[in-house]
Amino acid sequence: MRHSLVTFVCVLALPPITHAAPGAVRCGKVLDVRSGQMLTDQVVLFDVGGTITSIGSSSSLKLPGGIIPVDLSHATCLPGLIDVHTHLTGDPTGNGYAGLGISIPREAVTGVKNARLTLFAGFTTVRNVGADGFADIALRDGIDAGEIEGPRMRVSGPPLGITGGHCDNNLLPSEYHYKADGVADGPWAVRAKVREVVKYGADVIKVCASGGVLSKGDAPGTPQYTLEELQAIAEEAHKLGRKVAAHAHGTQSIKDAIRAGIDSIEHSSLIDDEGIALARQHGTYLVFDIYNDDFILQEGAKAGMLPESIEKERKLGKLQRENFRHAFQSGAKMAFGTDSGVYPHGDNAKQFAKMVEWGMKPLDAIHSATINAADLLGWGDKIGALEIGHYADLIAVSGDPTSDMRALESVKFVMKGGTVVRNDLAAK
Ligand SMILES: [Zn+2]
């Protein structure tokens, strides 16, 4: 009893991370992400629940009595950004054999740190695709309960994978009898695994369809799950109201995953013309993580990545970027996902400049991290745009990101659901 009393007193001493009043922000400019129009001198008004109730020019919009808007009159406002491929519970230091010494509770603590870094970088929503144990679910729930700061999260729990595949852990010899939580082989076993991760709180299913870069003993280009297994996963997940994200570097696995009805292809590195045509036909989103290649090649060895992983990246990185450009120019749907955790969290926005370097206009890159990402998450009515009925998730930058993409790398103001979590623009 004495322990619980101490806990109770400590909790009372913490400031609540919750929003408790209606409010407004006044923006020098607002990017209407749907039209691409830059609107000047706009006010965004939100209610006690942190939902936008009106948005319009400051001269025409009448503020309710007592509301003094946050002054962002020298800044450009955009909707909060969305990264659809994160690993908040992991850091780049946990690669290879170093990762074996990190417990799941310790990973949850790492997640608390990274959730805050990601939110402060302007990402008010993430889809976390793959975490040991169910640490990501604990993280999501802690954020939703207002106990810790972080983005809105859609989480997968452990990723499904074949025995010995990219999402198993192949570092230990057989006498340790170790396999990763998400390992399942065969159509009925994978259905059971989907049911299991949903049981423990997964919002989305992550599956490793092909080999990968940061795993031992497999090749990124080779298929792992069969078409039959991928179909079973997609059917079971959709029946339970969950979307599926498939890790797939390999040409064949990309096509199998799309044909199986999976909702997004992660990495998409070796996609060919037929794969792009299939993605367009099925409306499948492609997620190309084209920033982290540089980090792996430059910092990977220091970060404990296996030599074979760095060699795999050397072969794959440039092809992935060329295929990103080709897929985009061919009209495939793109969502912004970075694989954060491979590189340090909070640097997510560095991928925007890479996307522009490889063929997108800045507004296309912004679309991928707002309306497109929201659509992929099945959350287009609440996030990804500053519109009535959406959450008041808003960021502000100096300058114009539609002409200077790197403006998004230094976000000055972040608000999530009407709660200001960062304001570097306030008069000091
Ligand atoms: Zn990943």
Side-chain angles (χ1 to χ4, degrees), residues 82-96 99 107 110-111 114-115 118 123 126-133 135-136 139 151 153-162 165-170 180-183 197 202-216 218 220 224-225 243-250 253-254 257 262-270 285-296 300 303 305-306 309 312-313 316-317 320 324 334-348 350-351 354 369 373 376-377:
I82 305 163
D83 189 333
V84 305
H85 193 128
T86 67
H87 299 281
L88 295 186
T89 58
D91 272 335
T93 47
N95 286 296
E107 288 179 350
T110 296
N114 291 332
T118 304
F123 288 80
V126 301
R127 186 179 67 164
N128 205 74
V129 281
D132 288 334
D136 52 350
L139 192 58
M153 291 184 75
R154 292 284 206 234
V155 302
S156 70
L160 275 63
I162 66 161
H166 175 62
C167 285
D168 196 356
N169 187 326
N170 309 322
D181 290 336
V183 170
V197 295
D203 304 300
V204 59
I205 305 303
K206 166 77 181 293
V207 50
C208 288
S210 82
V213 172
L214 300 182
S215 43
K216 187 180 173 189
D218 63 342
Q224 293 194 342
Y225 271 127
K243 292 194 176 195
V244 186
H247 158 110
H249 288 286
S253 291
I254 292 168
I262 280 169
D263 304 276
S264 69
I265 306 299
E266 312 299 306
H267 311 296
S268 314
S269 308
L270 301 174
Y285 274 99
L286 303 181
V287 180
F288 283 85
D289 52 328
I290 59 168
Y291 165 66
N292 65 51
D293 313 66
D294 292 349
F295 183 86
I296 294 173
M305 289 176 191
L306 302 172
S309 294
K312 284 191 248 184
E313 185 60 45
L316 210 58
Q320 189 195 28
F324 163 79
M334 301 273 189
F336 182 95
T338 64
D339 219 356
S340 64
V342 170
Y343 67 90
H345 294 271
D347 283 351
N348 312 54
K350 289 185 177 175
Q351 185 167 285
K354 279 283 162 216
L376 170 57
L377 267 56

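Remember, it's 1-based here, ligands and their atoms both numbered in the order they're listed.
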Side chains of N348 and Y343 in contact at under 4.5 Å (non-hydrogen atoms): yes
Geometric class of the H249/H267 ring pair [parallel <30°, tilted 30-60°, perpendicular >60°]: parallel
Short side-chain donor-acceptor distance under 3.5 Å, D289 and Q320: yes
Main-chain N/O of G133 paired to D181 side chain as donor or acceptor, under 3.5 Å: yes
Metal environment of the Zn ion (ligand 1), protein N/O/S under 2.8 Å: H85 NE2, H87 NE2, D339 OD1
Any side-chain heavy-atom pair of L88 and V126 under 4.5 Å: yes
Parallel, tilted or perpendicular, as decided by the 30° and 60° cut-offs, for the rings of F324 and F288: perpendicular
